[in-house]
Protein chains: 2
Amino acid sequence: MFTFDQLAGFIAVAEELHFGRAAERLNMTQPPLSRQIQKLEKAIGTELLERDNRKVQLTPAGGAFLEEAKRLMALAARAPVTARRIATGRSGVLRIGFTAASGFSILGPLLEEVAEIIPDVDVDLQELVTGEQIEGLLTGRLDLGLARPPFDRDTFDSHLLYREAMMLAVPEGHRLARLTRPVEDADFKDEPLIMHSPTKATYFYDLVVKLLPIQHANVVHTVSQVLTMVSLVAARRGVAFVPHSATLLGLKGVEFLPIAGMDTEQPVELHAIWNRKLENPALRRLLQDLEFRAE
Amino acid sequence: MFTFDQLAGFIAVAEELHFGRAAERLNMTQPPLSRQIQKLEKAIGTELLERDNRKVQLTPAGGAFLEEAKRLMALAARAPVTARRIATGRSGVLRIGFTAASGFSILGPLLEEVAEIIPDVDVDLQELVTGEQIEGLLTGRLDLGLARPPFDRDTFDSHLLYREAMMLAVPEGHRLARLTRPVEDADFKDEPLIMHSPTKATYFYDLVVKLLPIQHANVVHTVSQVLTMVSLVAARRGVAFVPHSATLLGLKGVEFLPIAGMDTEQPVELHAIWNRKLENPALRRLLQDLEFRAE
DNA sequence: AAACATGATGCCTTTCGGGTATTACTCGAT
DNA sequence: ATCGAGTAATACCCGAAAGGCATCATGTTT
């Protein structure tokens, strides 16, 4: 195998067509350069330069090899730069998970900030429910999640991005939609209810149960995604408690009503979460510049 | 700058994620391999591998650099092969010049042979008159010419490809076309004549003057290319002496008549010619396999 | 024919890379 | 808590390789 020094030597001689000048350019003397080229030719297995004792010229093989040699040197020069850029988080890939609902509220502005802070980093977006995001962050398939509590504070660090109110989603023209005041507990105590799954949407389930007097006998469906929930409301299957950002889904046939107390309280939280052992330099740089470390 | 050995070492460790096994794969011991990687990292300017004393894993920068390293090694492995292929004439470029007339006769079959003998060589075809071909062969812009004598036998080697008769081209329906015997000297002594240029088509000019009793007073045009000549005949400007291969041009409005004696004599020669100092290995191989050296 | 230019070769010194032996550290088992 | 196994890093030595200087061989110019 040849060496990079031999390639550099060959390129210099091929361009100067003169061993002495090429040696000067390489800050060395002519004899070792001659031997370098000889070794290179031996390694390649063919003559690259035709030298009669007066002049030097490229053989056809030498001409082709010159191209390859230049490509090699260029690649060799670029590779460390790329590596350093990635190590310092200025380049690379950032894999962000987000829930369907967060996609309609915070994701857009967040991506704008990301593009500003680390413009050369490719962002890989994946719509995932909170549980899948946690899993992804643990196994390293994901760098940053936009998810809801709870999560293990020892493994994950987080930053509260967003608080919002809970709303009551009702079918268009529903009797409650005619109210001019916020909905109160008594208003929905007899309504058929589309409820969050206690296993797959634990956060919403617990939140609703904690904050509102739910009649479990009224539950007609149990679903895990807010989008599904709103679709079922549109299909007049019942009413549902959804985060304010669900209003941004733009589905026809649904109205969203404020619930008494919720507008000030805004109990629904969305967090940016990440694995404490920051393995992706791009994420490290992003968090630094977003000043997310203080929490 | 790093070395190819360091790259190979890094690739092995990155793939095995274990210094000992990687060293084994490289037929060396573990300690120098460790130092190799350290030097590589120092040369790159960033950590490529994360090793706690229990396990080894790639950093993001290391992952990216692994790709580059593999590309470099692949390129480095291919370059000498390419160079050797070119040096042995099995790859590369062969630049062939040809005259318009030869393009209609011998060029096709010749290219078929070329494709058979050196299939991976790119053929670069250029339509040039004999003089331009000579020039190209001298300056190295051309490897092989299909041209007509004379040329300098000291500089050029050649091989007679083709002999052909001279024909008389006449406009369609011309009185001589009604003859049932070959045309004789007396038949065209009063015909308006389209003649070869004595400077740009020396070969044909000399040949015609030598073989036939030309009335120079009859010359109405002097042209350098056979195609032009035949076009002028079709335009009824006169008659012309052209090589038999001109019949292959397929122009309408022209008839080609045999000339007494010419059918046996076939005085028009087409040669393959090349510079004796064979600089293109592909040409050397072609000539060997075509057995053109004997002449 | 002599002087010059240029690439190759001989010889010496220094540098560098690999091998063996050993160390330092971590993890898992007892 | 201690010991042993596993693994990467370090110390030290030796031989190969690379570079520099002096010189040679050869072809060109005057």
Side-chain angles (χ1 to χ4, degrees), chain A residues 1-59 61-63 65-66 69 72-73 76 277 279, chain B residues 1-59 61-63 65-66 69 72-73 76 277 279:
Chain A
M1 174 63 93
F2 46 87
T3 70
F4 283 108
D5 283 349
Q6 286 166 6
L7 291 181
F10 172 65
I11 291 172
V13 176
E15 286 180 353
E16 299 284 346
L17 293 178
H18 189 290
F19 278 73
R21 281 196 301 277
E24 195 175 349
R25 182 167 131 183
L26 296 166
N27 294 315
M28 64 192 292
T29 56
Q30 169 265 318
L33 180 57
S34 283
R35 282 182 304 226
Q36 229 177 33
I37 303 294
Q38 288 164 9
K39 280 191 186 166
L40 178 61
E41 290 180 324
K42 193 171 173 185
I44 303 302
T46 190
E47 279 206 339
L48 301 173
L49 293 163
E50 183 116 32
R51 45 266 207 220
D52 86 15
N53 282 5
R54 202 72 201 155
K55 65 184 183 302
V56 177
Q57 65 181 29
L58 281 168
T59 62
F65 191 76
L66 176 60
L72 271 164
M73 293 301 282
K277 57 172 193 287
E279 298 198 334
Chain B
M1 175 62 93
F2 47 88
T3 70
F4 283 109
D5 284 348
Q6 286 166 7
L7 291 181
F10 171 66
I11 292 172
V13 176
E15 286 180 354
E16 299 284 346
L17 293 178
H18 188 290
F19 279 73
R21 281 198 301 277
E24 195 175 350
R25 180 166 134 184
L26 297 166
N27 294 315
M28 64 191 293
T29 55
Q30 169 263 319
L33 180 57
S34 282
R35 281 181 310 225
Q36 232 178 32
I37 303 294
Q38 287 164 8
K39 280 189 187 168
L40 178 61
E41 288 180 325
K42 193 171 172 184
I44 303 302
T46 191
E47 278 205 340
L48 301 173
L49 294 163
E50 183 116 31
R51 45 263 207 224
D52 79 17
N53 281 6
R54 204 74 202 153
K55 65 183 185 301
V56 178
Q57 65 180 28
L58 280 168
T59 63
F65 190 75
L66 176 60
L72 271 164
M73 293 302 282
K277 58 172 192 289
E279 298 197 335

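Residue numbers begin at 1 in each chain, while the letters A, B, ... track the order of the sequences.
- In this structure, A:F65 CZ and A:L58 CG are separated by 11.5 Å, a value rounded to the nearest 0.5 Å.
- Among C:dG7, D:dT10, C:dA8, the nucleotide with an atom closest to any side-chain atom of B:P31 is D:dT10.
- Annotation: side chain of B:F10 is not in contact with side chain of B:I44 (no heavy-atom distance under 4.5 Å).
- Candidate nucleotides C:dA8, D:dG19, C:dG18 were compared by shortest atom distance to the side chain of A:F19, and C:dA8 ranks first.
- Protein atom CG of B:L33 is 13 Å distant from nucleotide atom P of C:dG17, rounded to whole Å.
- In this structure, NE2 of B:H18 is placed 12 Å from P of D:dA9, rounded to the nearest angstrom.
- Taking side-chain N and O atoms only, B:Q36 has no distance below 4.0 Å to OP1 or OP2 of C:dC16.
- A donor-acceptor pair under 3.5 Å is formed between the side chain of B:D52 and the backbone N or O of B:K55.
- Spacing between atom CZ of A:F2 and atom C1' of D:dA17 amounts to 18 Å, rounded to whole angstrom units.
- Between A:E50 atom CD and C:dT6 atom C1' the separation is 16 Å, expressed in whole Å.
- Computed from coordinates, the B:D5 CG to D:dA17 P distance equals 12 Å when rounded to whole Å.
- For B:S34 and D:dA8, the shortest distance from a side-chain N or O to OP1 or OP2 is not below 4.0 Å.
- Between B:E41 and B:R51 a salt bridge is recorded (basic side-chain N to carboxylate O distance below 4.0 Å).
- For the pair A:D52 CG and D:dT28 P, the interatomic distance rounds to 7 Å; values are reported in whole Å.
- Side-chain atoms of A:M73 and A:F4, non-hydrogen and from C-beta on, do get closer than 4.5 Å to each other.
- Below the 3.5 angstrom threshold, one finds no donor paired with an acceptor across the side chain of A:R35 and the base of C:dG7.
- A:L40 has its CG atom 16 Å from the C1' atom of D:dA17, to the nearest Å.
- The side chain of B:Q38 approaches D:dA9 more closely than any other nucleotide in the set C:dG19, D:dA9, C:dG18.
- Between C:dG19 and B:T29, a contact under 4.0 Å exists linking OP1 or OP2 to a side-chain N or O.
- In this structure, the CD1 atom of A:I37 is 11 Å from the P atom of D:dG19, given to the nearest Å.
- A donor-acceptor contact under 3.5 Å links the side chain of A:Q30 to the base of C:dA8.
- Contact between the side-chain N/O atoms of B:K39 and the OP1/OP2 oxygens of C:dG17 is found at a separation under 4.0 Å.
- If B:R21 and B:P32 are placed on DNA chain D by their nearest nucleotide, the residue sitting closer to the 5' end is B:R21.
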